[in-house]
Amino acid sequence: MSLTPDQKTEIDAARAQSNQTRRPTVPALEEKMFTAMPVLDHGFIRVVDYMGDDAAVVQAARVSYGRGTRKTSEDEGLIRYLMRHYHSTPFEMCEIKYHVKLPIFVARQWIRHRTANVNEYSARYSILDKEFYIPAPEHLAAQSADNRQGRGAVLEGDDAARVLAMLREDGETTYAHYEEMLDENGPGLARELARMNLTLNTYTQWYWKTDLHNLFHFLRLRADSHAQYEIRVYAEAMLETVKAWVPLSYAAFADYRLGAATFSAKMLDVLRRMLAGEAVEQPESGLSKREWTEMLAALGR
Ligand SMILES: Cc1cc2nc3c(=O)[nH]c(=O)nc-3n(C[C@H](O)[C@H](O)[C@H](O)COP(=O)(O)OP(=O)(O)OC[C@H]3O[C@@H](n4cnc5c(N)ncnc54)[C@H](O)[C@@H]3O)c2cc1C
């Protein structure tokens, strides 16, 4: 992760500050605030601000006058009930704001999540840093043979070396052209135009703010094993911040969403027949081969 000395000084100054407030705060998240958590080779994620805590979820669900906290066990039971039954609006009462530095191709996947507020670094106004994402050798994999949207075996030997060299060379070449096009003593091309030649592994940055309900939706999709590794590692870092921020809500989310599996009506029918002792096979199950494999995988078979 590369922070310039100026950026580090700014973050340290923000971290050294403390403000008095009547609002509830969460010590475990305060501890993480203004700390850049490294992600990928040059990226990071850091919490910039937040509002609410587990008690705010409970307070909203009960529409109570005070903090709404009864016993922790009652709050936990209520939060688990809300999560289990998709009663989602109480989770929208909590908000969090992140500063994220990420490769442009990851940002393209991330921006599809429309239920957030985003402000991106302006490459019309400023010059992008010379930083490209180069995968670590263990993440440089061939196209998967059976999953059109995934990776297969890790590249090795000459193939790996050649791909890494191409990624580095292309990044260097397009960035050198970017600088040349911008040169005030040369073409002096506008920043908004010169950027179009940069590679998609160039890093960008944004502030990204969302509420806890939509953050859970994002994390369920992007911390999942089907998500691309390069966005998944950001989601995994965010999970750590959520665990510190709203431990009861996080635990309910981990149980009812992250660690849960959904069975269709047909799958449930098959499972009922199996539990009754019937030997059900895929061809007469009413499930496609893929559904059958997915059901067995969810059952750890
Ligand atoms: C593994 C994986 C593979 C993917 N592959 C592809 C792909 O090949 N091509 C591709 O284009 N995308 C792909 N996506 C992106 C995916 O289709 C979604 O766009 C993305 O995950 C954002 O989800 P969302 O719309 O639910 O999130 P958000 O935009 O945050 O929306 C959250 C929820 O709000 C509601 N909502 C938001 N906006 C609207 C609206 N305008 N109208 C109605 N309801 C709305 C919906 O209920 C939605 O689920 C992929 C995502 C994943 C996780």
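Just so you know, ligand 1 is whichever comes first in the structure, and atom 1 is the first atom listed for that ligand. The model shown is predicted, which means the values in this text are computed figures rather than measured ones. Start at 1 with the first residue, then count along the sequence. All values below come from the heavy atoms of this structure, side chains included, with hydrogens, waters and symmetry mates left out.
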*asked:* For Trp208 and Tyr234, I'd like to know if the aromatic rings sit close, meaning centre-to-centre distance below 6.0 Å.
replied: no
*Under 4.0 Å from ligand 1 - residues by heavy atom, chain and number*: Arg112, His113, Arg114, Thr115, Gln149, His217, Leu221, Arg222, His226
*asked:* Show every ring-ring contact (aromatic ring centres under 6.0 Å, His included) that has at least one partner inside residues 246-273, sequence neighbours left out.
replied: Phe216-Phe253
*Listed by chain and number, what are the ring pair (Phe, Tyr, Trp, His ring centres under 6.0 Å) partners of His87, not counting sequence neighbours?*
none
*Tell me, please, which residues at least two apart from His139 pass ring pair (Phe, Tyr, Trp, His ring centres under 6.0 Å).*
Tyr229
*asked:* Against Lys101, only a single residue in Gln7, Gln205, Glu131, His42 fulfils side chain to side chain donor-acceptor pair (under 3.5 Å); can you say which?
replied: Glu131
*Main-chain N/O of Arg222 paired to Arg232 side chain as donor or acceptor, under 3.5 Å*: no
